[in-house]
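One structure is given here, and the rest of the page talks about it.
This one's a predicted model, so the numbers in the text were calculated from it and none came from an experiment. The first residue of the sequence shown is numbered 1, and numbering continues consecutively from there.
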Amino acid sequence: MPWTLEFRIPWARALRHMDALDPELLIPAHGPPVRGRDRIGTVLLTLAESLESLVSQTIDLMNDGASLDEILQSVSLPAEWLARPWMRPVYDEPEFVIRNIWRLYGGWWDLDREAPQSASRWPVHV
């Protein structure tokens with residue numbers, strides 16, 4: 001799955017913007033070119049929805065006080081999405097994205113609100 005280390009929500013917006021341009025040809029960084037408006041829309045929107053879902057699920061659980069391990073066990077994407085050729089976790093996988101969301105929004109914070117690194121950004125709203 002093509003994930004960035006940061007900026008997942010802006011990337012999802014960019015994927016939706018690309019879809020709105022009604023492209024007939026998509027040349028991704030990984031994998032073969034994708035041809036046809038409907039197929040390209042499916043690829044772009046599935047990727048955008050996946051990113052948004054991972055961010056939303058992770059942040060909701062963080063705000064509920066879940067540990068990283070609990071989040072890793074709870075957050076998932078629909079099996080039918082992951083079965084699609086462009087969604088197979090070859091380059092990256094959802095767990096890596098979840099860990100990076102944890103780092104991005106929670107820092108290296110250990111959930112002790114009195115600790116020096118206690119995040120003033122808690123709870124997170126995206």
Side-chain angles (χ1 to χ4, degrees):
M1 293 163 96
W3 307 108
T4 58
L5 294 178
E6 296 181 24
F7 311 115
R8 283 161 201 85
I9 294 297
W11 188 17
R13 285 187 199 120
L15 292 167
R16 290 184 183 284
H17 177 75
M18 287 188 282
D19 176 61
L21 297 173
D22 294 326
E24 291 294 329
L25 177 65
L26 175 67
I27 302 174
H30 302 279
V34 182
R35 297 183 194 293
R37 171 69 196 104
D38 290 340
R39 179 145 168 80
I40 292 169
T42 299
V43 168
L44 293 174
L45 294 177
T46 302
L47 289 170
E49 289 170 11
S50 297
L51 288 167
E52 292 161 345
S53 178
L54 290 172
V55 169
S56 176
Q57 290 180 69
T58 302
I59 289 173
D60 286 348
L61 289 166
M62 289 173 75
N63 285 336
D64 288 343
S67 70
L68 177 57
D69 288 335
E70 292 168 330
I71 293 170
L72 289 169
Q73 295 300 315
S74 301
V75 173
S76 64
L77 295 173
E80 61 269 15
W81 289 4
L82 293 175
R84 294 175 175 172
W86 63 91
M87 292 292 293
R88 281 189 240 136
V90 175
Y91 175 72
D92 210 342
E93 58 187 73
E95 178 183 339
F96 298 161
V97 177
I98 294 164
R99 289 180 182 280
N100 284 317
I101 294 166
W102 176 273
R103 282 190 212 86
L104 179 64
Y105 294 113
W108 296 102
W109 185 42
D110 63 3
L111 297 178
D112 178 359
R113 291 188 184 269
E114 303 303 317
Q117 291 181 337
S118 181
S120 61
R121 335 174 246 194
W122 210 266
V124 177
H125 303 284
V126 177

To the nearest 0.5 Å, what is the distance between [atom1] ([X]) and [atom2] ([Y])?
{"X": "Asn100", "Y": "Leu54", "atom1": "CG", "atom2": "CG", "value": "11.0 Å"}
{"X": "Ser76", "Y": "Trp81", "atom1": "OG", "atom2": "CH2", "value": "10.0 Å"}
{"X": "Ile40", "Y": "Met18", "atom1": "CD1", "atom2": "CE", "value": "10.5 Å"}
{"X": "Leu104", "Y": "Ile59", "atom1": "CG", "atom2": "CD1", "value": "8.0 Å"}

- Query: Does Arg16 have any salt bridge (Lys or Arg N to Asp or Glu O under 4.0 Å) partners at least two apart in sequence or in another chain, and if so, which?
  - Reply: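 By the salt bridge (Lys or Arg N to Asp or Glu O under 4.0 Å) rule, Arg16 matches Glu52.
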
- Query: Can you check whether Ile101 reaches Val75 side chain to side chain, under 4.5 Å on heavy atoms?
  - Reply: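 No; the side chains remain at least 4.5 Å from each other.
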
- Message: Applying salt bridge (Lys or Arg N to Asp or Glu O under 4.0 Å) as the test, list every pair that has at least one member in residues 59-72; sequence neighbours left out.
- Response: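 Sorted result for residues 59-72: empty, none.
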
- Mind checking who shares a hydrophobic cluster with Ile27, ILVMFWY linked at side-chain heavy-atom distances under 4.5 Å?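 Result for Ile27 is Leu25.
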
- Task: Kindly give the heavy-atom pair with the smallest separation between Ser74 and Leu61, and that separation in Å.
- Result: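 Nearest heavy atoms, Ser74 then Leu61: CB-CD1, 3.7 Å.
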
- Query: Who pairs with Glu95 by side chain to side chain contact (heavy atoms under 4.5 Å, CB included), at least two apart in sequence or on another chain?
  - Reply: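 Here the qualifying residues are Leu72, Glu93, Arg99.
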
- Which residues share a side chain to side chain contact (heavy atoms under 4.5 Å, CB included) with Gln73, sequence neighbours left out: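 With sequence neighbours excluded, Gln73 shows a side chain to side chain contact (heavy atoms under 4.5 Å, CB included) to no residue whatsoever.
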
Contacts under 3.5 angstrom, residues 42-49 side chains, donor-acceptor by atom type, not counting sequence neighbours:
| residue | atom | partner | partner atom | Å |
| --- | --- | --- | --- | --- |
| Thr42 | OG1 | Asp38 | O | 3.1 |
| Thr46 | OG1 | Thr42 | O | 2.6 |
| Thr46 | OG1 | Arg84 | NH1 | 2.7 |

